[in-house]
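All ligand and atom numbering here is 1-based and tracks the order in the structure.
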Amino acid sequence: VISELVAQALEGRPRAVAQLISRVESGSPDLPEIAALLAPHTGRAQVVGLTGSPGVGKSTTTSALVTALRAEGKRVGVLAIDPSSPFSGGALLGDRSMATRGHLGGLAWATPQALRVLDAAGCDVVLVETVGVGQSEIDVVSMADTTLVLLAPGMGDGVQAAKAGILEIADVFVVNKADRDGAAQTVRDLRYMMSLGSRHDAWTPPIHKTVAARGEGIDAVAKAIEEHRTWLAASGEGARRRRRRAEAEIEAIALEKVRVRISGLGADADRVVTGDLDPYAAADEALRRTMEP
Ligand SMILES: Nc1nc2c(ncn2[C@@H]2O[C@H](COP(=O)(O)OP(=O)(O)O)[C@@H](O)[C@H]2O)c(=O)[nH]1
Ligand SMILES: [Mg+2]
């Protein structure tokens, strides 16, 4: 049954893709088997992360990009990551809204697996948007081939942006809400901040002004995403990022296994309480037990 479901997903059938992603979400025991069947078919999609303050226009930009990329004949997947809801309960839409969409909680191991499903299903681009704020936004960035940092006039100017460390993580800057006053100033701030620092790679992030709500400037952003993809392939940086991502993925799965298996600490705790055992030795013993079959 699993192999049939995967075969259908590989053909890009939305229902099968949706079912696989909801299995990822629910932490189905079939996941290792699913991952094994998907593995030979992955590695093609460009993962594009969108980050920025709440209200800056990430969702609006995502929708506009879906339209623009699909107009170029690309298959597009969308993942929404909500770190505030660890289990989102399987909310998942099919192809109704023009792209294959998934909605995941903030589980570290789940997002890469959902990305694998969409990748194997033939998506050329997968847009990953975080819902909400926090550290997990950076985690999404670490999973992306290409990171879009969104700013808007009056919210997070260049100086604030630099403080938040986004100059380093951005591959493409999007100054959205360019219909509002101050967009040109935000662009100038960004240029100035960029002139002060030097990135450790040879890519200079372009800055694009958009009015996502009206689709303005979106084609240029889509083009920048494509150019970054070309640069990733030519420079070798794409391969480095994929390797880093695979490392993080393995680590997340391994840590989750340990977390699940490292239960039944009561007896160890009693010994630590009485001073019979120190907590480091107890931890070593607990870890050793997780390795037993
Ligand atoms: N004026 C203006 N409003 C926009 C623009 N893009 C998005 N918005 C509005 O900004 C609000 C927040 O957008 P949303 O995409 O939900 O932001 P997110 O929280 O980053 O996902 C919504 O009311 C959008 O309609 C824009 O280019 N100009
Ligand atoms: Mg949003």
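Annotation: K74, atom NZ; neighbour count of heavy atoms from other residues, nucleotides and ligands within 6.0 Å is above 12. Around atom CZ of R243, no more than 12 heavy atoms belonging to other residues, nucleotides or ligands sit under 6.0 Å away.
Looking at E237 and R241, a side-chain N of the basic residue comes within less than 4.0 Å of a carboxylate O on the acidic one, giving a salt bridge. Look at D145 and R229 and you find no salt bridge, because none of the NZ, NE, NH1 or NH2 atoms lies under 4.0 Å from a carboxylate O. Between D119 and R44 there is no salt bridge, since no side-chain N of the basic residue sits under 4.0 Å from a carboxylate O of the acidic one.
Contact of the E285 side chain with the R271 side chain is registered, since non-hydrogen atoms from C-beta on lie closer than 4.5 Å.
Protein residues with a heavy atom closer than 4.0 Å to ligand 1 are S53, P54, G55, V56, G57, K58, S59, T60, E129, N176, K177, D179, R180, V211, A212, A213, listed by chain and number.
Taking the six-membered ring where the residue is Trp, W203 and H228 present perpendicular rings, their angle passing 60° and hence far from 30°.
The distance from the Mg ion (ligand 2) to the nearest N/O/S atom of T62 is not under 2.8 Å.
Restricting E129 to its N/O/S atoms, the shortest distance to the Mg ion (ligand 2) is reached by OE2.
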